[in-house]
Amino acid sequence: MRQLGKTGPTVSEVGLGCMGMSDFYGPADRAESIATIHAALDAGISLLDTGDYYGMGHNEMLIGEALQGRDRSRVQISVKFGALRDPAGNWIGYDGRPGAVKNFLSYTLRRLGTDYIDIYRLGRVDPNVPIEETVGAIADMVKAGYVRHIGLSEAGSETIRRASSAHPIADLQIEYSLFCRGIEKKILPVCRELGVGVTAYGVLVRGLLSGHWSPGRAFGPGDIRKFAPRFAGENVGRNLALVEAVRSLAEKKGVTVAQLAIAWVLARGRDIVPLVGARNRERLQESLGALDVILSKEESEVVERLVPPGAVAGERYAPQMMLTLDSEK
């Protein structure tokens, strides 16, 4: 177990990211999704991460169904809110206004079938609303008992400071992996200074760093990776060459590429909790194997030499989506 920041909850060493069970990677199997959530809970995973805009509420309803008959007190649910989408699924902005915060939360509670949310966070910083106002509105919901802890998502160092001055922040959810180490310069030091934990998503780079991706792999309908620069053109070949370099060390240790990649994030500090986005029990079981992988300091240094900062080809998101990331400003 790891504590998220100075004031956050104690959660399992890895969390389960449920996004892909409803959206963005193409069709998912409902029964297998629920079975995967059950398997995660049975294995000791207590942190489930979702967003009210994943499948336009579908992901929350899926989790709510999976938790029926389970002990709610043994599960921490982390919810992102605020992204606006049209009926076709397009992104049309973000809303962090205080009134919107309370409105989003009301629907989330109903869809999840719960009386409270463990960690509630704005999915992307709304540039039109001071972060203090958004956090203040969530703080009102903490006082009312509907939210236990406040988190942030993809916030930059200055925004983290301002948010923390308004209310204690449990954690920052942000992309962090061998392929994405930008937070190490400013954001991670500020989090540690202020006692803010990190929940790291994208630890397997949406499958690219899993060891299971192959050149020329076709994208199915609804798979957003076909728009992701790291999967495009010559970039994917260059990035898969980095994966093969990691595979060489993984095979020496008798583990998979995915397990080594997750273990590397786990080794970056006990204030960091990786989220694994497994959509089926097989991938979940592989990911959980990372908990048994111990990386020595020397091995971590070898990994970092194989994949030095800046080695990955392509940005994290398409240009328009990059503009929404306060963490990149």
Side-chain angles (χ1 to χ4, degrees), residues 14-40 45 47-63 65-66 78-80 83 85-91 123-124 153-154 173-177 179-180 199-233 235-236 239-240 243 256-258 261-262 274-288 312 314-318 320-322 324-325:
V14 298
L16 180 64
C18 300
M19 180 189 78
M21 298 176 181
S22 298
D23 219 346
F24 305 123
Y25 295 151
D29 184 303
R30 173 185 162 279
E32 182 60 27
S33 295
I34 291 176
T36 301
I37 295 173
H38 287 168
I45 287 182
L47 180 63
L48 301 180
D49 182 76
T50 184
D52 65 9
Y53 44 88
Y54 294 166
M56 280 76 125
H58 177 273
N59 205 236
E60 291 179 324
M61 291 188 287
L62 184 75
I63 291 173
E65 182 179 353
S78 169
V79 179
K80 292 179 289 298
R85 302 178 69 182
D86 66 18
N90 299 309
W91 304 95
R124 294 288 185 270
S153 177
E154 287 291 352
Q173 187 172 121
I174 194 164
E175 187 170 358
Y176 186 43
S177 71
F179 278 15
C180 186
T199 43
Y201 76 87
V203 292
L204 298 182
V205 197
R206 297 165 184 81
L208 187 59
L209 187 49
S210 67
H212 302 295
W213 199 267
S214 56
R217 177 171 165 177
F219 297 102
D223 193 329
I224 63 167
R225 288 173 290 194
K226 61 185 172 184
F227 304 111
R230 290 178 177 173
F231 288 84
N235 288 348
V236 70
N239 293 332
L240 286 176
V243 175
T256 69
V257 173
I262 296 168
L275 298 172
V276 297
R279 300 207 300 168
N280 58 60
R281 286 167 286 181
E282 180 183 0
R283 291 289 178 256
L284 172 68
Q285 192 62 37
E286 179 185 11
S287 295
L288 289 175
V312 66
E315 295 282 6
R316 295 203 274 148
Y317 293 96
Q320 188 170 356
M321 291 296 289
M322 287 295 294
T324 70
L325 299 178

Minimum heavy-atom distance between [X] and [Y], given as atom pair plus value:
| X | Y | value |
| --- | --- | --- |
| Arg279 | Thr36 | O-OG1, 3.6 Å |
| Arg316 | Cys180 | CD-SG, 3.3 Å |
| Ala318 | Pro229 | N-CD, 3.7 Å |

Ring pair (Phe, Tyr, Trp, His ring centres under 6.0 Å) partners of [X], counting only residues at least two apart:
| X | result |
| --- | --- |
| Tyr53 | Trp91 |
| Phe227 | none |
| Phe231 | Trp213 |

Could you measure the distance from the [atom1] atom of [X] to the [atom2] atom of [Y]? Nearest 0.5 Å is fine.
| X | Y | atom1 | atom2 | value |
| --- | --- | --- | --- | --- |
| Arg281 | Ile37 | CZ | CD1 | 12.0 Å |
| Ser78 | Asp49 | OG | CG | 4.0 Å |
| Ile262 | Thr256 | CD1 | OG1 | 7.5 Å |
| Leu240 | Ser214 | CG | OG | 8.0 Å |

- prompt: Would Tyr317 and Glu175 count as having a side-chain donor-acceptor pair, cut-off 3.5 Å?
  reply: no
message: Is the shortest side-chain heavy-atom distance between Val276 and Leu204 below 4.5 Å?
response: no
query: Should Met322 and Leu325 count as side-chain neighbours, where that means a heavy-atom distance under 4.5 Å?
result: yes
task: Without swapping roles, check the side chain of His212 against the backbone of Gly207 for a donor-acceptor pair under 3.5 Å.
output: no
query: Taking only residues two or more places apart in sequence, or in another chain, which ones meet Arg283 in a salt bridge (Lys or Arg N to Asp or Glu O under 4.0 Å)?
result: Glu286
field: Non-neighbouring partners of Arg124 that pass salt bridge (Lys or Arg N to Asp or Glu O under 4.0 Å), sequence neighbours left out
entry: none
With [X] via side chain to side chain donor-acceptor pair (under 3.5 Å) - residues at least two apart:
| X | value |
| --- | --- |
| Tyr54 | Lys80 |
| Arg225 | Asp223 |
| Asn235 | none |

For a quick test of your reading: what N or O donor-acceptor pairs under 3.5 Å do the side chains of residues 15-31 make, sequence neighbours left out?
residue, atom, partner, partner atom, Å
Ser22, OG, His58, ND1, 2.7
Ser22, OG, Asn59, N, 3.3
Ser22, OG, Asn59, ND2, 2.8
Asp23, OD2, Gly55, N, 2.8
Asp23, OD2, Arg85, NH1, 2.7
Asp29, OD1, Ala31, N, 3.0
Asp29, OD1, Glu32, N, 2.8
Arg30, NH2, Glu65, OE1, 3.4
Arg30, NH2, Glu65, OE2, 2.3

field: Partner residues of Thr199 under the side-chain contact (heavy atoms from CB on, under 4.5 Å) criterion, sequence neighbours left out
entry: Leu4, Leu47, Arg121, Asp171, Gln173, Val273, Leu275
- line: Sorted by chain and residue number, the side-chain contact (heavy atoms from CB on, under 4.5 Å) partners of Val205 (sequence neighbours excluded) come out as Ser177, Phe179, Leu208, Leu209, Arg230
